[in-house]
Number of protein chains: 2
Amino acid sequence: MARMGLDRQTLLVAAAELADESGLDSLTLAALAQKLNVRSPSLYNHVKGLPDLKGALTVYCLHLLVDATRNAVIGKSGDEAILSMCEAYLRFARSRPGLYEAFYKVNTQQHEDLETAKEELLDLFVRIMEPYQLGEKETLHAIRGLRSLLHGYATLEQHRGFQMDLELEESVQYGLRTFLKGMHLNKSEA
Amino acid sequence: MARMGLDRQTLLVAAAELADESGLDSLTLAALAQKLNVRSPSLYNHVKGLPDLKGALTVYCLHLLVDATRNAVIGKSGDEAILSMCEAYLRFARSRPGLYEAFYKVNTQQHEDLETAKEELLDLFVRIMEPYQLGEKETLHAIRGLRSLLHGYATLEQHRGFQMDLELEESVQYGLRTFLKGMHLNKSEA
DNA sequence: TTAATATACTAATAATATTAGTTTATATTA
DNA sequence: TAATATAAACTAATATTATTAGTATATTAA
């Protein structure tokens with residue numbers, strides 16, 4: 001009965017790997033236990049159960065996403081910062097498909113960590129929008145639009161949406177630039 | 001052993017109801033069988049299994065979504081048509097939350113019906129974009145952008161994204177109008 | 001009317017999540 | 001250091017679910 005030295009973080013990392021390898025659906029406690037050389041009831045020492053694990057994955061994903069996007073905007077501002085951040089967002093979704101699934105497929109009960117992580121992402125968006133000098137409400141509307149666009153493109157990619165002979169990368173560039181143009185226009189109209 | 005007169009369509013409708021009532025996760029063959037006053041193995045006369053059922057739900061959702069959006073654009077054109085269609089899209093997602101979950105949470109294997117339904121939706125978008133006289137590629141990019149926006153708002157709503165004291169409806173109006181403005185600007189620049 | 005088919009059933013199996021209770025390695029404390 | 005407490009693994013057992021195999025009967029077709 002050797003101690004395996006497991007902890008919650010180890011479980012999370014392994015679970016995310018499993019999800020990335022073969023999809024979130026194939027993440028089971030049985031599979032995770034096998035990967036960690038442990039019997040599945042042992043996992044309950046670190047996690048309340050499968051829903052808890054998946055919820056934790058959601059938070060974990062959000063943390064990594066915030067890291068990735070934060071890094072992408074260092075030393076940049078304006079449209080350049082936004083585009084760089086958006087590219088980082090999509091690169092992340094592409095590189096961690098299973099984890100990103102957890103981000104949008106899991107029905108997370110409101111958990112404190114989750115709210116905190118969400119706020120971090122929101123703050124990042126808010127700060128990057130500051131130079132545009134939109135009002136508070138319009139800033140939030142714009143953020144929601146950008147977030148929706150990004151999430152749409154990410155899932156579009158995961159679901160092989162529409163015609164694959166049209167480069168997704170081009171679509172993203174088109175969509176973001178179109179949205180930004182409209183945003184600028186809104187401002188000059190005001 | 002009375003015949004219940006079940007068929008695939010009946011199963012689909014009942015399954016969608018279950019999903020709407022308590023979420024896609026709670027749609028199990030056991031629950032569906034109970035709802036239909038039948039033992040769960042009987043369902044296999046009409047459906048290959050749970051993955052098949054969920055895949056069929058995806059197609060079913062797409063059909064209803066196409067109907068709803070098609071109706072919304074009758075007698076309208078230009079921005080008015082787009083806005084009306086988008087509102088119908090979001091109304092649908094709101095009114096059939098579980099079914100809409102199937103639309104984006106189920107990993108559907110490529111099925112002929114699914115491709116057909118996808119093309120119908122795409123065609124609808126293409127036709128509504130015709131008056132804008134964008135080129136073929138730009139039309140597709142614009143459609144992907146709109147679709148992404150819509151899907152983003154729909155899931156945003158289902159996941160209680162960001163601050164709920166800011167009206168989602170306003171955000172949608174802002175986002176769509178911003179995107180359309182950018183689109184128009186693209187055209188006048190060309 | 002008879003034969004074929006489709007639809008329901010029961011019974012059984014396998015996979016999973018989860019709980020209860022046990023053992024023992026590790027950490028804490030006297 | 002020795003005794004104790006805690007935590008992390010375990011085995012065993014249960015419940016739920018999906019799914020398959022095989023059976024009976026209602027309905028349909030010949």
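Numbered from 1 within each chain, the chains take letters A, B, ... in sequence-line order. Here the structure is a predicted model, which is why all the values come from computation and not from measurement.
Side-chain polar atoms of A:S42 and A:N45 form no donor-acceptor pair below 3.5 angstrom. There is no side-chain donor-acceptor pair under 3.5 Å between B:H151 and A:Y153. The closest side-chain donor-acceptor pair between B:E167 and B:Q173, if any, does not fall under 3.5 angstrom. Residues B:T116 and B:D113 have side chains that never bring a donor and an acceptor to within less than 3.5 angstrom of each other.
The phosphate of D:dA8 has neither OP1 nor OP2 within less than 4.0 Å of any side-chain N or O from A:S42. Taking side-chain N and O atoms only, B:H46 has no distance below 4.0 Å to OP1 or OP2 of C:dA6.
In this structure, the CG atom of A:L32 is 12 Å from the P atom of C:dT16, given to the nearest Å. The distance between atom CD of B:Q34 and atom P of D:dA18, rounded to the nearest whole Å, is 12 Å. Between the CZ atom of B:R39 and the P atom of D:dT17 there is a distance of 14 Å, given to the nearest Å. The nearest whole Å value for the distance from the CZ atom in B:R3 to the C1' atom in C:dC9 is 11 Å. Distance B:L36 CG to C:dC9 P: 11 Å, rounded to the nearest Å. As rounded to whole Å, 19 Å separates atom C1' of C:dT16 from atom NZ of A:K35. Straight-line distance from the CZ atom of A:R8 to the P atom of D:dA8: 13 Å, rounded to whole Å. Between the CG atom of B:L6 and the C1' atom of D:dT27 there is a distance of 15 Å, rounded to whole Å.
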Distances for protein N/O vs nucleotides 17-19 of chain C N/O pairs under 3.5 angstrom?
residue	atom	partner	partner atom	Å
C:dA17	OP1	A:L29	N	2.9
C:dA17	OP2	A:L29	N	3.0
C:dA17	OP2	A:A30	N	2.9
C:dT18	OP2	A:Y44	OH	2.8
C:dT18	OP2	A:L50	N	2.8
C:dT18	O5'	A:Y44	OH	3.0

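Contact between A:A117 and A:V66 at its shortest, heavy atoms only, is O-CG2, 4.1 Å.
Side-chain atoms of B:N45 and base atoms of C:dA8 include a donor and an acceptor less than 3.5 Å apart.
A:D25 is linked by a side-chain contact (heavy atoms from CB on, under 4.5 Å) to B:N107, counting only residues two or more places apart in sequence or in another chain.
Ring centroid separation for the pair B:H159 and A:Y104 does not come in under the 6.0 Å cut-off.
The pairing partner recorded for C:dA30 is D:dT1, the criterion being a Watson-Crick or G-U wobble arrangement whose two distances lie under 3.5 angstrom.
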